[in-house]
Amino acid sequence: MLQDVYERSLAGKITRDDALALLKENPFEVFDTADRLRKEIVGDTVTFVANRLIDITDRCIIGCEFCSFRNSIGYEMTREQILQSIGEAKAVGATEVCLIAGVLPKLNVEYYCDLFRAIKGSYDIMIHALSPMEIYYAAKSSGVSTAEALRRLKEAGMDTMTGASAEILVEAVRAKICPRKVSVDDWVRIVTEAHEIGIKTTSTIMHGTVETWEDRIDHMLLLRDIQRKTHGFTEFIPLTFMHENNRLSDVSSGASGMEDLLVHALARIIFGRDLPNIQVSWTKMGVKLSQVGLCCGANDFGGTMMEDLITVAAGAKHGDNMTKDQIRQVIKAIGRVPRERNTIYEYVD
């Protein structure tokens, strides 16, 4: 069966039933199939990006059940502090700044446009920013459509958008873990609008809360449908649920390591050639499990980060900063070839 799955994946013909059937197979054979697909589709290169993640504020009016970061510190960065942080990243060779924020009425389209212009006026760096949720509420606060908001943000300097706030793109799950976030339809619409005007985005999944394997597979198939229409996703990033210090702590202690690996493997098999880049999140999974993930279908190690306050607040024990040389050593240790990339997967080394 798994040889047939391998061939069907390369042909772009994996179905929901195929994916569900894989859950009954020996997981190590599924891992091996995903790794063979990885080698066929992207080879032995493992990419990474030199970046800095900047959480502008921990204040947010949404209040998701799984969030451990909201009001955990109580801060809002000034523009000068943001620019200083980006300057520190540029000093160590960063090519990307990833800007994340909460939802506040004052964080509107005008705020972000002014911020992006200030960043571009000071530094030659790619701005990877916001999420469909932040776009939705910024547009609402400014009284414009999300399409108009995206157009203005692009003109102001936003290069790419994050695929965050996806969590699980199944309404029944969202009703339990993030009822005030954007709906599935709005998330899909905003991502599609971004792709249509040339703003590429990442795509994500947060697994390990209350969702089922069926939900996870439906989520990935929906993303594949979008990718086939727009070709706007640069990568797929599984994000394992960090269960400490939030309201879901009593409901779920997160996914197991085997589940984490199987999500990466299924992603490789489901996406096939449609979405060739599958990323491991080392801040959430740890370096060693991430190395295994790179042998189960993944081909990208993510970024240097420099900080990840959201993950730390949720109980991460793996640190939130790696140098480029450290990442190269981790990749070489599993017999693979490290290559530094930028946000849109162009090699920069």
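Hydrogens, waters and symmetry mates are skipped; everything else that's a heavy atom, side chains included, is used.
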TODO: May I have the step-by-step check of side-chain hydrogen bond (donor to acceptor under 3.5 Å, both in side chains) for Arg336 and Thr45, ending in yes or no?
DONE: CA-CA 6 Å; Arg336 302 276 280 283; Thr45 297; over 6 Å; no
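- Taking the side chain as every heavy atom from C-beta outward, Leu262 and Trp213 approach each other to under 4.5 Å.
- Here Leu239 contributes atom CG and Met285 contributes atom CE; the two are 10.5 Å apart, rounded to the nearest 0.5 Å.
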- [ ] Carefully, step by step, assess Glu80 and Gln84 under the rule side-chain hydrogen bond (donor to acceptor under 3.5 Å, both in side chains).
- [x] CA-CA 6 Å; Glu80 290 70 27; Gln84 180 181 345; over 6 Å; no
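- Considering only heavy atoms from C-beta on, Ile217 comes within 4.5 Å of Leu20 through its side chain.
- Under the 4.5 Å side-chain heavy-atom criterion for grouping Ile, Leu, Val, Met, Phe, Trp and Tyr, Val46 is not connected to Val49 through any hydrophobic cluster.
- In this structure, the separation between CG on Leu153 and CD on Glu110 is 9.5 Å, given to the nearest 0.5 Å.
- For the pair Arg339 and Phe48, the cation does not sit on the ring face, since its NZ or CZ is not both under 6.0 Å from the ring centre and inside 45° of the axis.
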Indicate every side-chain donor-acceptor pair of residues 90-98 with a distance under 3.5 Å to a residue at least two apart or in another chain.
{"from": "Lys90", "atom 1": "NZ", "to": "Asp124", "atom 2": "O", "distance (Å)": "2.7"}
{"from": "Glu96", "atom 1": "OE1", "to": "Thr343", "atom 2": "OG1", "distance (Å)": "2.8"}
{"from": "Glu96", "atom 1": "OE2", "to": "Asn51", "atom 2": "ND2", "distance (Å)": "3.0"}

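- Closest approach of Ser165 to Ser131, counting heavy atoms only: OG-OG, 3.7 Å.
- Around atom NZ of Lys140, no more than 12 heavy atoms belonging to other residues, nucleotides or ligands sit under 6.0 Å away.
- Here the side chains of Glu155 and Phe116 are not in contact, with every heavy-atom distance at 4.5 Å or above.
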- [ ] Using the side chain to side chain contact (heavy atoms under 4.5 Å, CB included) rule, take Glu214 and Arg16 through it: C-alpha gap first, then chi angles, then the decisive distance, then the call.
- [x] CA-CA 9 Å; Glu214 288 83 357; Arg16 187 177 192 268; 3.5 Å; yes
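- Here the closest heavy-atom approach between residue Glu235 and residue Thr202 is recorded as OE2-CG2, 2.6 Å.
- Contact of the Asp325 side chain with the Ile327 side chain is not registered, since no non-hydrogen atoms from C-beta on lie closer than 4.5 Å.
- Between Leu222 and Val188 there is a side-chain heavy-atom pair separated by less than 4.5 Å.
- Looking at Arg117 and Asp114, a side-chain N of the basic residue comes within less than 4.0 Å of a carboxylate O on the acidic one, giving a salt bridge.
- A salt bridge is defined here as a Lys NZ or Arg NE, NH1 or NH2 lying under 4.0 Å from an Asp or Glu carboxylate O, and Arg38 with Asp44 meets this definition.
- For the pair Thr204 (side chain) and Gly163 (backbone), a donor-acceptor distance under 3.5 Å is present.
- Under the side chain to side chain donor-acceptor pair (under 3.5 Å) rule, Arg268 has a single partner from Thr33, Asn299, Asp35, which is Asn299.
- For the residue pair Glu340/Tyr347, the side-chain donor-acceptor check at 3.5 Å is not satisfied.
- In this structure, Val337 is not a member of the same hydrophobic cluster as Val330, with clusters built from ILVMFWY side-chain heavy atoms closer than 4.5 Å.
- A salt bridge links Lys106 with Glu76: the distance from a Lys NZ or Arg NE/NH1/NH2 to an Asp or Glu carboxylate oxygen falls below 4.0 Å.
- The cluster map of Ile, Leu, Val, Met, Phe, Trp and Tyr, joined by side-chain heavy atoms under 4.5 Å apart, puts Tyr137 and Val144 in different clusters.
- When the options Asp274, Asn277, Ile205 are evaluated for a side-chain contact (heavy atoms from CB on, under 4.5 Å) with Phe236, the one that passes is Ile205.
- Put simply, OG on Ser9 and CD1 on Ile269 are 6.5 Å apart, with the number rounded to the nearest 0.5 Å.
- For the pair Arg174 and Val182, the tightest heavy-atom approach, listed with the atom from each and the gap, is NH2-O, 2.9 Å.
- Nearest heavy atoms, Ser85 versus Arg52: O-NH1, 3.1 Å.
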Open item on the list: Please evaluate residues Leu107 and Glu134 with respect to the criterion side chain to side chain contact (heavy atoms under 4.5 Å, CB included), reporting the C-alpha separation (whole Å), side-chain torsions for both, the decisive distance (0.1 Å), and the verdict.
Closed with: CA-CA 9 Å; Leu107 299 181; Glu134 290 153 342; over 6 Å; no
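- Of the inter-residue distances, the one linking Thr192 atom OG1 with Trp187 atom CH2 reads 8.5 Å to the nearest 0.5 angstrom.
- No side-chain donor from either of His207 and Asp215 sits under 3.5 Å from a side-chain acceptor of the other.
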- [ ] Evaluate the criterion side chain to side chain contact (heavy atoms under 4.5 Å, CB included) for residue pair Leu169 and Asp218; output intermediate values, then yes/no.
- [x] CA-CA 8 Å; Leu169 294 171; Asp218 287 343; over 6 Å; no
Task: Verdict with reasoning, Lys176 to Glu171, per salt bridge (charged side-chain N to carboxylate O under 4.0 Å, His left out) - done: CA-CA 9 Å; Lys176 296 175 182 177; Glu171 289 295 4; over 6 Å; no
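- At least one donor-acceptor pair under 3.5 Å links the side chain of Trp282 to the backbone N or O of Gly303.
- Arg341 and Asp300 are joined by a salt bridge, as a carboxylate oxygen and a charged side-chain nitrogen come within less than 4.0 angstrom of each other.
- Ion pairing between a basic and an acidic side chain is recognised when a charged N comes within 4.0 Å of a carboxylate O; Arg151 and Glu148 show such pairing.
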TODO: Dump the intermediate steps for side-chain hydrogen bond (donor to acceptor under 3.5 Å, both in side chains) on Gln279 and Ser281, then the final yes or no.
DONE: CA-CA 7 Å; Gln279 184 182 120; Ser281 177; 5.9 Å; no
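- Judged purely by atom type and a 3.5 angstrom limit, Gln81 uses its side chain to pair as donor or acceptor with the backbone of Thr78.
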TODO: For the pair Val210 and Ile177, evaluate side chain to side chain contact (heavy atoms under 4.5 Å, CB included) and give the outcome as yes or no after the intermediate values.
DONE: CA-CA 8 Å; Val210 300; Ile177 68 173; 3.8 Å; yes
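- One finds a salt bridge joining Glu211 and Arg216 here, because a Lys/Arg side-chain nitrogen approaches an Asp/Glu carboxylate oxygen to under 4.0 Å.
- For the pair Glu193 and Thr146, the minimum side-chain heavy-atom distance is below 4.5 Å.
- One distance of note links CG of Leu275 with OG1 of Thr234; it measures 7.5 Å at 0.5 Å rounding.
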Open item on the list: One pair to check against ring-ring contact (aromatic ring centres under 6.0 Å, His included): Phe31 and His264. What are the steps and the verdict?
Closed with: CA-CA 9 Å; Phe31 298 158; His264 287 77; 9.9 Å; no
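- In this structure, Ala50 and Lys324 approach most closely via the heavy-atom pair CB-CD, 3.7 Å.
- For the side-chain contact (heavy atoms from CB on, under 4.5 Å) test with Val280, the passing option among Val287, Leu261, Ile237, Leu294 is Leu294; the others fail.
- Ring orientation note: the planes of Phe233 and His195 are nearly perpendicular, at an angle over 60° on the 30°/60° scale.
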Task: Steps toward side-chain hydrogen bond (donor to acceptor under 3.5 Å, both in side chains) verdict (His128, Thr162) - done: CA-CA 7 Å; His128 180 57; Thr162 79; 5.4 Å; no
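- Across all non-hydrogen atoms, the minimal contact from Val109 to Ser142 is N-OG, 3.0 Å.
- The CG atom of Leu130 sits 9.5 Å away from atom CD1 of Ile127, with the distance rounded to the nearest 0.5 Å.
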